[in-house]
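Per chain, numbering begins at 1; letters A, B, ... match sequence-line order.
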Amino acid sequence: MSLEDELLKQRLCRIREIQALGYRPYGGRFDITHAIPEILAGFGAKTADELVPQVGVRIAGRVMTKRLMGKAGFAHLQQNGERLQIYVKRDAVGERDFELFQILDHGDIVGVEGYLFRTRTGELSVHAEKLEFLSKTLLAMPEKWHGLEDVETRYRQRYLDLIANPEVRKVFVTRARIIASLRRQLESRGFVEVETPMMQPIYGGAAARPFVTHHNTLDIDLYLRIAPELYLKRLVVGGLERVYEINRNFRNEGLSKKNNPEFTMLEFYQAYTDYQGLMDFSAELLEQVCRDVTGSAEVEFEGHKLDFSRFRRYSMREAVMEFWEGPNRPRPEEVCHPDWLLHHSDKLTPGEALTDIFERHAEAKLIQPTIIYDYPVESSPLSKNKPEDPAFVERFEIYAAGMEVGNAYTELNDPQEQRRRFEMQLAMRDRGDEEAHQMDGDYVRALAYGMPPTGGEGIGIDRITMIFTGSRTIRDVILFPLLRPEGPIDLIDRLREYDQP
RNA sequence: GGGCGCGUAGCUCAAUUGGCAGAGCAAGUGACUCUUAAUCACUAGGUUGAAGGUUCGAUUCCUUCCGCGCUCACCA
C-alpha cells in the first residue's frame, strides 16, 4: 500500500472521528465578522493594550501550520492569501473543541470564534473560545516551506498552486485590476462594452488558423473566432461609435512563452479618429493602467525599468535603421528601395520583406514601450492606405518587453477597396495560404451602408499582464493554460474502494 | 512538427567511475498550556515516469514510448 493510500485511509477515518465529536466533516454556513486580510489591515498595527477591551471576532480559513503542545497549541489559518495565527487552549475552548483541534490536519478548513490578542512574541493572534469544523482535506498539502515548485502540477492543479504560493494569487488579482482599469477608462470616455459571436460562420480580423466546431441542428461548421474585429465594426456602422469588447480569441497555433491557443484581447473602435489619435490614446491608457497597478508609471520587468510615461515612436523603416544588427546599417533611401528590401529577405514582395527585416532586427530590442507605425499594405487587409503612399497603411503596433502587445489602425471604410482587398486575400488562399482572409460579404455590405472614419485597436491582455506582473511566460498569467490531458486520476478508484455509506 | 534538457517517497531535493536508494518537510505513536519552518524520542513510507536492451550488477549506459520545460519552425 502506498503512503498516499495510507494517508487517504487515515483521513477517511478522521471524518468518522470528527462526526463522533459531533461536528459535520463538510459543514455549513459560518458567518465571519472579518476576513483575515481585514483583521491584519485593521489591527496589525495595534499594540496589546489597544486590543483592550477585547475585540471579538469570528474568522475562517484553511489550516496551514499547526503546533500542538500538550493541552494548548497554535495554528495559522489562511484566507485570501494571508495568514492569521490562532491560539487554542483546552481551558479556554473546552474538552470537545480541543479534541477537534488535536485531530486537525494541514489543509482542513475551520471557523474560529474568539478575541484578538498579542502573543508573548508580539504576533497578532486570535484567542480561540469556540471552534467549528467546515471542510475536511483528504490529500496532503504541498511542502510548507518550499511550496509547490513542479510547474506541471502548478498548471494542472492550479488550486494547489494558489494555496501554496501566495504570489500566484497576486498575479491573478493584478490581472483583474488591469482589466478593471481598462474598463473604467473606456467607460469614462463613453465606450460601450458589447459581446459579439465566439462561434462564427466566417472567421476574420486576423491572420491565423481557426478551431472548427459543428452545430448539430443547423448542420453547419462554425469557427471559434480568431478576432472580434469584423463584428465590432459592423456595430460602428450601426451607430455604436465607441465600442469595445474584452474577451477570448482562439487561434489554432503553436504554444510558446507568448502564445496560448485561447487568449484574451481588448478590442475597441472609436469613430471619427484615426491611427494618430489612437497612438495618443494608447499611451494614456497604458500609462494609467501602470499607475493603477503599480502606483507609478514604471514597472520592473526582467531587470529593465519600463517607463510607460514616455512611449517612443518610430516608423517601421526608422526602426529598421535604428535597430539594425551588424555592419552596413541601411540609409533612408535603402529602406525605401524594393531592391534593397528584397535583397535582405527571402520574402516575395518589398512590403513583406520590410516586415520580415523589422521582425528579425528590431522586435526583440523593443524593451521600452514603443509604437511602431506605417506598415506595408500586404499584411494589413483591413487598414486604410496612407494617402501619399498607397503601399503603406495607417497602422501601428505597440511593443514592450520585446513583445507585441497591441495593434491598431485607421479602419478601411471604403467598401469597393475592401472588396478588392478580400479578393487579393482569396487569391493568396488559392495559392495555399491557410491564414488568408475569407470573403465576408456581409461585412462589405455593412461598409456599403457607410462606416464613419474610425480608428480601431486590439491590446493583448495576457501579454500586458505578463509585463505588469513580471511573468516570464504567458502560462503564469492564464489560470488554466492548455496542457496535454492528464489521463485517469487514480484518486477516483481509491475513493470508490474505500466508499462506505 | 524538429533540436536540446528534465522526470528519484505525498512535497522539496541528494545519491562519487555502473556497486546495499538517502535527508528535510508531510504522515503515525508518545511527551509538552506562548509556539511560529515549534521542539524531543520512536515508527512507517520507493516498480527511481513506462517498456525493452547491455552488464555479474542499472537511478546511472543504449533504444522506444509517455509527460513537462527550453528552443526553432508556425504564429503577433
Student: So which nucleotide from B:U12, B:C34, B:C74 ends up closest to the side chain of A:Glu143?
Tutor: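 Of the options given, the side chain of A:Glu143 lies nearest B:U12.
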
Student: In whole angstrom, give me the gap between the P atoms of B:G52 and B:U60.
Tutor: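 The answer is 14 Å between these two P atoms.
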
Student: Using a cut-off of less than 4.0 Å, is there contact between a side-chain N or O of A:Arg156 and OP1 or OP2 of B:G67?
Tutor: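 Indeed not, no polar side-chain atom of A:Arg156 lies that close.
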
Student: Using a heavy-atom cut-off of 4.0 Å across all strands, would you classify A:His106 as base, sugar-phosphate, or nothing?
Tutor: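 Sugar-phosphate, no base atom in range.
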
Student: Taking only side-chain N and O atoms of A:Lys144, does any of them lie within less than 4.0 angstrom of OP1 or OP2 on B:C11?
Tutor: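 Negative; the distance criterion is not met.
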
Student: Has A:Lys89 got its NZ or CZ under 6.0 Å from the middle of the six-membered ring of A:Phe101, at an angle within 45 degrees of the ring axis?
Tutor: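 The answer is no; the distance or angle limit is not met.
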
Student: Give A:Phe117 one of three labels, base, sugar-phosphate or nothing, depending on what nucleic acid heavy atoms sit under 4.0 Å from its own.
Tutor: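 A:Phe117: base contact, heavy atoms under 4.0 Å.
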
Student: A:Arg475 side chain N/O closer than 4.0 Å to the phosphate oxygens (OP1, OP2) of B:C70?
Tutor: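 Affirmative; the distance criterion is met.
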
Student: Answer yes if the side chains of A:Tyr87 and A:Gln85 hold a donor-acceptor pair under 3.5 Å, and no otherwise.
Tutor: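 Judged by distance alone, the side chains do not pair up.
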
Student: Indicate whether OP1 or OP2 belonging to B:C34 is found under 4.0 Å from a side-chain N or O atom of A:Arg120.
Tutor: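 Answer no for this pair, as no side-chain N or O of A:Arg120 is under 4.0 Å from OP1 or OP2.
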
Student: Give a yes/no on whether any side-chain N or O of A:Arg14 is located under 4.0 angstrom from OP1 or OP2 of B:G28.
Tutor: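 For B:G28, OP1 or OP2 has a side-chain N or O of A:Arg14 closer than 4.0 Å.
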
Student: Using the C1' atom as the reference point in each nucleotide, state the distance between B:A51 and B:A15 in Å, no decimals.
Tutor: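 Approximately 25 Å lies between the C1' atom of B:A51 and that of B:A15.
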
Student: In whole angstrom, give me the gap between the P atoms of B:U39 and B:C65.
Tutor: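 Comparing P positions in B:U39 and B:C65 gives a spacing of 47 Å.
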
Student: May I ask you to say what A:Thr119 touches in the nucleic acid, namely base, sugar-phosphate or nothing, with a heavy-atom cut-off under 4.0 Å?
Tutor: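 A:Thr119: base contact, heavy atoms under 4.0 Å.
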
Student: Looking across every strand, which nucleic acid part, if any, lies under 4.0 Å from A:Asn407 by heavy atom: base, sugar-phosphate, or nothing?
Tutor: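 Nothing, no heavy atom under 4.0 Å.
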
Student: Quick one: which of B:U33, B:U35, B:C68 gets closest to the side chain of A:Lys89?
Tutor: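 The closest nucleotide is B:U33.
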
Student: Looking for any heavy atom pair under 4.0 Å, which part of the strands does A:Arg83 touch: base, sugar-phosphate only, or nothing?
Tutor: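 Nothing, no nucleic acid heavy atom in range.
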
Student: Answer with yes or no after comparing the ring centroid distance for A:Phe358 and A:Tyr399 against a 6.0 Å cut-off, counting only values under it.
Tutor: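 Yes, close enough.
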
Student: Is it true that A:Phe311 and A:Phe396 have ring centroids separated by less than 6.0 Å?
Tutor: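 Ring-ring flag for A:Phe311/A:Phe396: false, centres at least 6.0 Å apart.
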
Student: Give the intermediate values and the outcome of salt bridge (charged side-chain N to carboxylate O under 4.0 Å, His left out) for residues A:Arg312 and A:Glu322.
Tutor: CA-CA 12 Å; A:Arg312 302 187 296 177; A:Glu322 175 73 21; over 6 Å; no

Student: Check whether any side-chain nitrogen or oxygen of A:Arg484 sits under 4.0 Å from OP1 or OP2 of B:G67, and answer yes or no.
Tutor: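 The answer is yes; a side-chain N or O of A:Arg484 sits under 4.0 Å from OP1 or OP2.
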
Student: Classify the nucleic acid contact of A:Leu139 as base, sugar-phosphate or nothing, counting any heavy atom under 4.0 Å across all strands shown.
Tutor: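 No contact at all - A:Leu139 keeps every heavy atom at 4.0 Å or more from the nucleic acid.
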
Student: Which nucleotide, if any, forms a Watson-Crick or G-U wobble pair with B:C68, using both distances under 3.5 Å?
Tutor: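 B:C68 is paired with B:G5.
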
Student: Considering only B:G69, B:C11, B:C70, which nucleotide approaches the side chain of A:Tyr155 most closely?
Tutor: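 The answer is B:G69, which lies nearest to the side chain.
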
Student: Which part of the nucleic acid, if any, lies within contact of A:Glu435, taking any heavy atom under 4.0 Å across all strands shown: a base, the sugar-phosphate backbone alone, or nothing?
Tutor: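 Sugar-phosphate: the residue A:Glu435, judged by heavy atoms under 4.0 Å, touches backbone atoms but no base.
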
Student: Rounding to the closest angstrom, what is the interatomic distance between B:G10 and B:G28 at atom P?
Tutor: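 To the nearest whole Å, 16 Å.
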
Student: If we take the C1' atom in both B:G49 and B:G57, what is their distance in whole Å?
Tutor: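 Taking atom C1' in both B:G49 and B:G57, they lie 23 Å apart.
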
Student: Ignoring hydrogens and geometry beyond distance, is a side-chain donor-acceptor pair present between A:Tyr375 and A:Glu397 at under 3.5 Å?
Tutor: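 Yes, a side-chain donor-acceptor pair sits under 3.5 Å.
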
Student: NA contact type, A:Lys257, heavy-atom cut-off 4.0 Å: base, sugar-phosphate, or nothing?
Tutor: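 Here A:Lys257 touches the backbone only, sparing every base.
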
Student: What nucleotide, of B:C11, B:U35, B:C74, holds the atom closest to the side chain of A:Glu123?
Tutor: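 Per side-chain heavy atoms of A:Glu123, the pick is B:U35.
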
Student: Under 4.0 angstrom, heavy atoms only, what part of the nucleic acid is A:Gly147 near: base, sugar-phosphate, or nothing?
Tutor: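 Contact class for A:Gly147: sugar-phosphate only.
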
Student: NA contact type, A:Gln10, heavy-atom cut-off 4.0 Å: base, sugar-phosphate, or nothing?
Tutor: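 A:Gln10: backbone/sugar contact only, no base atoms under 4.0 Å.
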
Student: What's A:Arg360 touching, base or sugar-phosphate or nothing? Going by heavy atoms closer than 4.0 Å.
Tutor: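 A:Arg360: no heavy atom of the nucleic acid under 4.0 Å.
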
Student: If you check every side-chain atom of A:Glu149, which of B:U33, B:C13, B:A26 has the closest atom?
Tutor: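 The listed nucleotide nearest to A:Glu149's side chain is B:C13.
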
Student: Please determine if A:Lys71 and A:Asp91 form a salt bridge, counting it only when a charged side-chain N lies under 4.0 Å from a carboxylate O.
Tutor: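 So A:Lys71 does not pair with A:Asp91 through a salt bridge.
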
Student: From C-beta outward on A:Leu483, which listed nucleotide comes closest to its side chain: B:C68, B:C34, B:U12?
Tutor: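 The listed nucleotide nearest to A:Leu483's side chain is B:C68.
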
Student: In whole angstrom, give me the gap between the P atoms of B:U54 and B:U59.
Tutor: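 The same atom, P, in both gives a distance of 16 Å.
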
